[in-house]
Structure formats: C-alpha cells, structure tokens
Amino acid sequence: MTDATNNGAPKKALKTSLIAVDERTKRRNAAEARFRAYGVVAIVIAILALIGLVGSILNNGSSAFRQTFITMDVYLDPAKLDKDGSGNLEKIAKVSTFGYAPLIAKSFEKKFEDPNVGVEGLSAKKAAKMISKEGPAEMRRFVLANPEMIGETVSFKFLASGRIDGYFKGRVTMESAKLDKNVSTEQLMLADQLKAEGSLQTSFNMGFLTRADGSENRPEAAGLGVAILGSFYMMIVVLCLTLPIGVAASIYLEEFAPKNWITDIVEVNISNLAAVPSIVFGILGLSIFINFMGLPQSAPIVGGLVLTLMTLPTIIIATRASLKAVPPSIRDAALGVGASKMQAVFHHVLPLAAPGILTGTIIGLAQALGETAPLLLIGMVAFVREFPAAPPEGFFDPAAALPVQVYNWTQRADPAFVERASGAIIVLLVFLLAMNAIAIVLRRRFERRW
Amino acid sequence: MSAGLVILVVIAIATAGFFIGRSRSLSAVNGNIRQLHSLPGYYGQTVFLAAAVPALLVAFGWLLLQPILVESQITNMIAPSDIAEGSSRGLVMADVRRIATGLDVAIATGALTEDQLGALSADQSDVRALLGSVGVALASEVKESVLVASKTYREMTATLRSAMAIIVILLSLGGAVFSLSRIKPDFRARNVSETAVKALLILSSTVAILTTIGIIASLLFETAHFFRLYPAKDFLFSLTWNPQFTGGSDLGILPLLWGTLYVSFVALVFAVPIGLLVAIYLSEYATRKVRSIVKPAIEILAGIPTIVYGLFALITVGPLLRDYFAQPLGLGTSSSSVMTAGIVMGIMLIPFVSSLSDDVINAVPQAMRDGSYGLGATQSETVKQVILPAALPGIVGAVLLAASRAIGETMIVVMGAGAAAKLDLNPFEAMTTITVKIVSQLTGDTEFASPETLVAFALGLSLFVVTLGLNVLALYIVRKYREQYE
C-alpha cells in the first residue's frame, strides 16, 4: 500500500534556514512593509488635507481681523452742515452724506500744508477717496447725535477704503494699482506718507464682529454683526425646540414604547431622516413654513425651525444612547421601592443620562450652526443691513446667518470679500471649537461608567 | 394682544394653577398628607397640564390656520382685472400683506389715525408716498381695490387675533377651574398626570414622522404641479438643461445627474482608498498613542461645516488645479471643475469612510486574526485575505452611505463645481449637479407658477429618492451581514 504514494525519488529538501532569509520570505516581508507604508501615506494625506484646509483659511482670513484706519481732524463747517445756524436737528438731518464728503477733502488740504505730506498730481478731493464711503456716513451719524459739535474740529478714525487696506495687506500692489480704476499709485504713495506720519495705522478690527454687512463696493465696512445675531437667534430657537421634543421622543421610544410595527416605523424613520440631504430640508422649509404657513422669508424663526427638524434625529440618537447606558438595575431599584414607571424615569434615569444628553445636544447645535444649504432656500441670502429687534419680535425680522454670510461674500466681485469670507469662517470655527470643547469637558467631567 | 403675550398669560395661569392646586389638595385633608392618594405636587401638575396644554395646542393651531383662512377670504376680493399684466395673484397678495403691515406701522408711528384710515382712499391720496414716509416701500401705485383688500386684511387679522386671545385664555382658565374642582383626597392625581405626560411624550415622537410626511408631501405635491406644466418624459430623458425665464426652456435632468454622479465618483475614488487604508492602519498597526492622536485629528474633518470645504475649493484647490494641472495640460481654464469639487468632497468623506470601516474592522473577531497568524500569514496577508473579506459587507455599506452623502452634498459643489450643465468627460471642465440647480432655481425672487421654479421640487424628489434608496440598501447590507461572526 505504501508503494502507491512513494513514487520516485524523495523530494529535494527545501533549502530553508532560520538565519538566512529566502527569496519568498523577502518578497512577503517587502509586501508587508509596502502595505504598512500605504497606510502611513493615507494618514499623511488625510492629515495634510486637514492642515491645508485650516491653514488656507487661517492664511486668507486672519487679515480680516486687522483693518487700516486713517485718523483725520475734520472741521465741522457750520456753513455746510447748519446753514442758518439754528441748530435745528431736522434741518441738519437734511444734509445727506454727500454734503459731508467735501469736509474730508478740506481736511486733506490742511494735511497737505505739511511739507512731508502730499504727492504731486493728487488733489485733496482725490485723496479723500482713500477714505471709505462709510466715512461720511459715520460723520453724519456723529453730527446728528452731537449737533452741538458743529463748528468744532473733531478727530475721526475713518476706515480706509478697501484698496488702501489691501495695499497694507499685500493684496494691492503698485503694479495692480496702475490697472485699477478704483485706486491710483499716487494714493498709495500718499498712504505710505500718512503711515510714516502716523495718521494711518492698522489695528484690530472690532467692526468686523459688530458691523452689519456692507454693500458691494464697501468691503472695508462689511461686518458680521447681523449674521452672528441671526445665527444666535436661530440657535435659541433650535435649542428651545429640539431639546424638549428630542428628549421626550427618546424617553418614549427607549422607556415606554411597546415593541410593535408602529415603533419600528418611527425608529426606521428617525435613522433615515438623519441621512436625508440637508437641502431637502430647505425645500421643506420653503414650501411648508413660507408658502403654506406664510412665515416671513429670511427670518431666524424659519431657519430655526428647519434646523430643528434637521438636528432632531441627531439629538434623539444621542439621547437614546445615553438613556440606554443607564443600567437597568437603577430602574429596577426605583420600581422596587414603589416608584411608578414615570417616576423611575424622570427622577432617576433622566438625571443620570443628563450629561450624555447635554453633550449630544451641544454637538447637534454645532452641526446646525454650520449648516448652510437649507438656509439658502429660505431666503437667508438676502442683503440685510438692519439688526433684528430683540426677541421675540426679532425672530420674525430678516437676518443673516454666519455660514450664509460666508457664501454671500464669496459671490461678490471685489477680492477684499475673499478675505472677509475667510475671516467669517474663522469666527464660525471658533464658535464650533468652543462648543465642542464644552461638550468634551462635560463628557470628561460628568461621564459615568457603570 | 400679540401671540407671544397670550402664551405668556397662559403659562402664568397654569403656574398659578399649580400652586393653587397643590395648596387646595393639602387643605382638603387639613394638611394630613397621608390621606391624599398622590403627593400634593401631582395635584398641582394636573391643574398645570389642564390649564396649559389644550390652550397652547389651540393657540398654535390657530396661528397656523389663521393666515390660510384670511388669505382665502381676501383672494376672493381681488378681481382678475386687478392683476396687472405679467403679475400674478400671488404677487398682488404679497402687496396686500405689505400694505397692511405698512398701515399698521403708519398707525403705530402716528402718521395716520384709525379714523383717517377709514376714510383713506387710493383715488384721493397718495398711499404709496404715505407708506414710503413710514419706511415701507412699495413697488407700484396702490389700486383702490387692493387698498380695500388690505384694509379688510388688517381688520380680519386684528379681529381673529383678539378672538384667539379671548378663546385661548378662557380655555386655559376653564381647564384650570375644571381640574381644580376635581381635587379631592381620593382623586388619582398621579395617574392622571402621568397619562397626560405620556401622551405628550408620544406626541413628541411623532414629530419625526410628521417631518417625513411633510417632506414627501411637499415634494410630491409640487412635483405633480410641475409635471402638469412640463412633460415628465422630457424631464427624465432630455439631454439638455437650459432654463429660460421667458418660457420655452429645456429642463432635462440627465446632464445634472451626470454631473452629480461624476463628482461623487471622483470623490469616492479619492476617499475610499484613503479612508480604508487609514482605518486598516489605525486598527491593525497603529500603537495606542498614534491612534489616540490620529483618530481625533481625522474626525475633526467630519466636524467642519461644508461651507468651509466650499471656500477651500473656491479659493485654494480650484486655482491650484487650474494653474498646475488643467492649464499646463491644456485641459481647461476653469477653476471650478469636477476635479475641484470631487477632491474637496473626497477630503470631506475620508473620516466618514474611515470611522465606519474602523468599526466594521474592529468587529471582526480576534480569533480570526490569531488563526491566520498561526498559519504563518503576515499581518498584511491577514488583512487582505481574512479581515477584508470578513468586513466586506460593512465596508460596502460604508461606501454606499458615503456615496449617498456625496450625492446630496450642496455647498461644495455650489462653490466648486460650476454652473454649466453639460455632458462631458473632461474632469477639468466645470459641470453642475442636481443640488446646485435646486439652489439656483429656488434662491432669489421666485414665483411658484413657472416650470423653471417648480423643476427644483422634481429635482429634490429625485435626490430624495436616490439618497434614500442608497441608505436603505446600505443599512440592509450592514444589517444582514453584521452578526455573521458573533
């Protein structure tokens, strides 16, 4: 029987040694090293993408927080502002911003008396163009607030125009100014002189956080005030609606719901709702809240409602997870000493699950804060200059939202808005970072392991 | 009385009811709490719930229905002859609402008194200038019939508002009195209030269902409206997308669908290998320390809002690709392109793919790895021949979920892919997607009667169906194979 298998000469013994590595093992080890390297490369690409993303935004946007200002002593000429000298506010209010512009030119004329200041071929009127169009408006507001100052010389800290600001941030150069009809090389030379003399300085731009949006040709005056307030209002609406509704829904589904097909439908529904593209929620908001219910367009209440519906699944999923994490022994103990089911849940399970619920809520809010697409459809892209009123009326006033403001600014022609958009992203990211940090701290501090 | 104030009053009544109910239950047993069926607080709760819940439900329902009712009444007041050429009933109604608010403002600022308003007539005085002076700008002169309609609108709204205030407050008081009258020592207050709370919990859990119904209803309703104006066959099979707001436009979905799928394909080609390799490295090779740094870093990518990616595509990736790839290779001069949007979207999807695959790979039992090592396989051989096949269904599910994310993504493509609808193979060419067109057809001043606007709902429905299908498929695959090794 053994003959059948033992045919021919015995096989040559493999020349393997534990010390010398053979060809095949080398190949396999090389494949192993290659595979490992692929993994490292993938991680490096992912991290580089993150660095590139954040770096490019920081690089483009950090300059938005610094702004060039020109300090000017302006003589508030009574002959121009208060012709009959009556000090009557209504008469003074009749002088439009165009009436204030010549006053700035006058003070430039005065500046030119200094031998160190002044460029040949640049009239005071042209030099006055270096000041933002917002400047005269600011002066007018000042005069209307303090009519007694007419006839005095007042020092104003004007915003420099977008191009002058760009010159000090490297966006505008002498070469590009030659081709640009909004700025001349003479103006840039004068700007250099003013800087040397000290009346032009670059400092922190508080206005970027507090001002309303500026129009197409006043990028220097554009700020995030309305957008931040609008986003804040929306977050209030989202918080006030999602937290109670989400927690109530999760308590029912996790603690009370009988296992039947209705509950199954609700559960499948919630997980599918979490995956519906955000823009579809925008369509929902447009057709139900605006067309059907007649709520106003671009109002924080509509944005808040749409974002509520979007965040609800996130919060329900997080809440259910933290309710599930509370061990059944807690419920059993409560029931054992005579609590009703409802008392067991509200007196014992819910407080123990609260840190998890709070963390989930904050993360859901952070998601809602960055959401853009649905807000485009409900009219948040509108140009809003007025601050919304205080709540609750303010919820129905037109407002902007932070991410939509970013989108809005990218759609404008002036390159100065790119800097503003990136700056707005930085503000948005700071808010998100803060919210996530709070969530992490809460989790670390209060999380309980059973 | 404004709606907010009414709600505050109701809450105040309910809160007062709570305290009265509690003390009433105590005084019913002369302070001997043992004779009560429930704790005194529950008696208060029944009063609170009876005073607040029905009243608030009526108030919200009223607020929802009132505008609809008023509109339908007012719409009948506008004769077809009042609707100017090129205008529509909807626009006239918008004017009516605007004038009504203007009149309110005028009265509030004192520019007009109620008596003057009664005598106000569009034929005699310049209503537009009057409203302009209080800060409500109107596009055109006000017609007499429109002014009358606005006045009626104002009156009806005011009457209904006060009717609501009265009814809601009476309801709240009635609820409070009724439940106070029920308070007796043997009244089962805890059971009553717990049943009511449970009903509220059930009500909250239906919000998700209502949202879905709302989405489906609004999409289906408007899509049906669209197909009455524009043939469904052309929408589904036409190869051109060329909306003209003067009429006669081509609204074929195919170029948009092509753009959507192309961008998503590029994104997945970028994201899936990287995401998968990251997941494999982190779960099989990385030391605890590396993992604890790299994993959160990659998950940061998932928390960044899409508008940030959009801006990144617009100001960094787009110009970079154009200057270093597209132009030197002669492939195009546009900075917004399929490639731009695809790569940036790919970056966004990396954490999505990697964290889902990570879970799946970690779920493969250690015994399978040990068996493979025991047979002499190297780590990479184990990964390729044992772990990946075992985790494959989960990974396919993750890829499908990522695809559904990519198809529904809006901001990156709005800012990175361009707006030209075309069927092209060149990835450096600007193309457009379904979501981009939904945004462009629905932003700005829209009129809900033209097929050019309504097409957005048909596009939204297509998007909803495709992403829902992918999700359901993904969940099905994941669920079906999940427990195989447990």
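Per chain, numbering begins at 1; letters A, B, ... match sequence-line order. Just so it is clear, the structure is predicted and the values come from calculations on it, not from any experiment. Only this structure's heavy atoms are used, side chains among them; waters, hydrogens and symmetry mates stay out.
A heavy-atom distance below 4.5 Å is not found between the side chains of A/V41 and B/L277. Looking at A/P277 and B/T435, their side chains never come closer than 4.5 Å, going by heavy atoms from C-beta outward. When side chains are defined from C-beta on, B/Y285 does not count as touching A/V40, because their heavy atoms never get closer than 4.5 Å.
Chain A forms the most heavy-atom pairs under 4.5 Å with one residue out of B/T316, B/L311, B/N471, and that residue is B/L311. Ranking A/I279, A/V280, A/V406 against chain B, the residue ahead of the rest is A/I279, based on heavy-atom pairs under 4.5 Å. Here B/I438 is the residue among B/I280, B/I298, B/I438 with the most heavy-atom pairs under 4.5 Å with chain A. Listed options B/I347, B/L470, B/L301, B/I350 were ranked by heavy-atom pairs under 4.5 angstrom with chain A; first place goes to B/L301. Between chain B and the residues A/I262, A/V404, A/V247, A/L377, the most heavy-atom pairs under 4.5 angstrom are made by A/L377. The most heavy-atom pairs under 4.5 Å with chain B, out of A/A275, A/A366, A/G379, come from A/A275. Most heavy-atom pairs under 4.5 Å with chain B, from the set A/S271, A/G246, A/S287: that is A/S287. Of the listed residues B/T410, B/L475, B/V414, B/I407, the one with more heavy-atom pairs under 4.5 angstrom with chain A than any other is B/T410. For the options B/N191, B/L401, B/V439, heavy-atom pairs under 4.5 Å to chain A are most numerous at B/V439. Of the residues considered (B/L461, B/V197, B/I300, B/L276), B/V197 shows the highest number of contacts with chain A, using heavy-atom pairs under 4.5 Å. The greatest number of non-hydrogen atom pairs below 4.5 Å with chain B, out of A/I57, A/L429, A/I363, is found for A/I57. Interface summary for chain B: among A/K341, A/Q343, A/Q411, the most heavy-atom pairs under 4.5 angstrom belong to A/Q343.
Residue contact with chain A, scored on non-hydrogen atoms closer than 4.5 Å, is absent for B/V344. Looking at B/R405, neither its backbone nor its side chain comes within 4.5 Å of chain A, counting heavy atoms on both sides. Contacts between B/L219 and chain A at a heavy-atom distance below 4.5 Å involve the side chain alone, from C-beta outward. Of the atoms belonging to B/A271, not a single heavy atom falls under 4.5 Å from chain A. Looking at A/I245, the atoms closer than 4.5 Å to chain B (heavy atoms on both sides) sit in the backbone and in the side chain alike. Proximity to chain B (any heavy atom under 4.5 Å) is shown, for A/S250, by neither the backbone nor the side chain. If you measure heavy-atom distances from A/I378 to chain B, you find no contacts under 4.5 Å at all. For a residue to count as touching a neighbouring chain, one of its non-hydrogen atoms must lie under 4.5 Å from one of that chain's; by this rule A/I288 touches chain B with the side chain only. For A/Q367, no part lies near chain B; criterion is any non-hydrogen pair under 4.5 Å.
A/E32 places a side-chain N or O within 3.5 Å of a backbone atom of B/Q379 that can act as its donor or acceptor partner.
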Using side-chain contact (heavy atoms from CB on, under 4.5 Å), reason through B/T467 and A/V276 one step at a time and then give a plain yes or no. CA-CA 7 Å; B/T467 51; A/V276 170; 5.9 Å; no
Working for side-chain contact (heavy atoms from CB on, under 4.5 Å), residues A/F281 and B/T211: CA-CA 9 Å; A/F281 283 96; B/T211 311; 4.0 Å; yes
For A/L402 and B/I307, what are the C-alpha separation, side-chain angles and deciding distance, and is it a side-chain contact (heavy atoms from CB on, under 4.5 Å)? CA-CA 10 Å; A/L402 259 180; B/I307 179 85; over 6 Å; no
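Summarising the geometry of B/S205 relative to A/V266, their closest heavy-atom pair is O-CG1, 3.8 Å, with the distance given to 0.1 Å. The minimum heavy-atom distance linking B/P305 with A/L428 is given by the pair CG-CD2, 4.1 Å. The two residues B/G214 and A/L284 make their nearest non-hydrogen contact at C-CD1, 3.3 Å. For the pair B/F312 and A/S56, the tightest heavy-atom approach, listed with the atom from each and the gap, is CD1-OG, 3.5 Å.
Identified by a heavy-atom distance below 4.5 Å to chain B, the contributing residues of residues 46-55 of chain A are A/A46, A/I47, A/A49, A/L50, A/G52, A/L53, in residue-number order.
Distance check, rounded to the nearest 0.5 Å: CZ of A/R36 to CD of B/E284 gives 11.0 Å. For the atom pair A/L273 CG and B/I215 CD1, the distance stands at 5.5 Å (nearest 0.5 Å). Interatomic distance, CD1 of A/I270 versus CD1 of B/I209, reported as 8.0 Å (0.5 Å rounding). Atom CG of A/N59 and atom CD1 of B/I315 lie 8.5 Å apart (nearest 0.5 Å). Annotation: the span from A/N436 atom CG to B/E299 atom CD amounts to 11.5 Å, rounded to 0.5 Å. With rounding to the nearest 0.5 angstrom, the OG atom of B/S380 is 8.5 Å from the CZ atom of A/R34.
No more than 12 heavy atoms of other residues, nucleotides or ligands shown are found within 6.0 angstrom of NZ on B/K198. Around atom CZ of A/F383, more than 12 heavy atoms belonging to other residues, nucleotides or ligands sit under 6.0 Å away. Within a 6.0 Å sphere centred on CZ of A/R385, heavy atoms belonging to other residues, nucleotides or ligands number more than 12.
Side-chain N/O atoms of A/S340 and B/E194 include a donor and acceptor closer than 3.5 Å.
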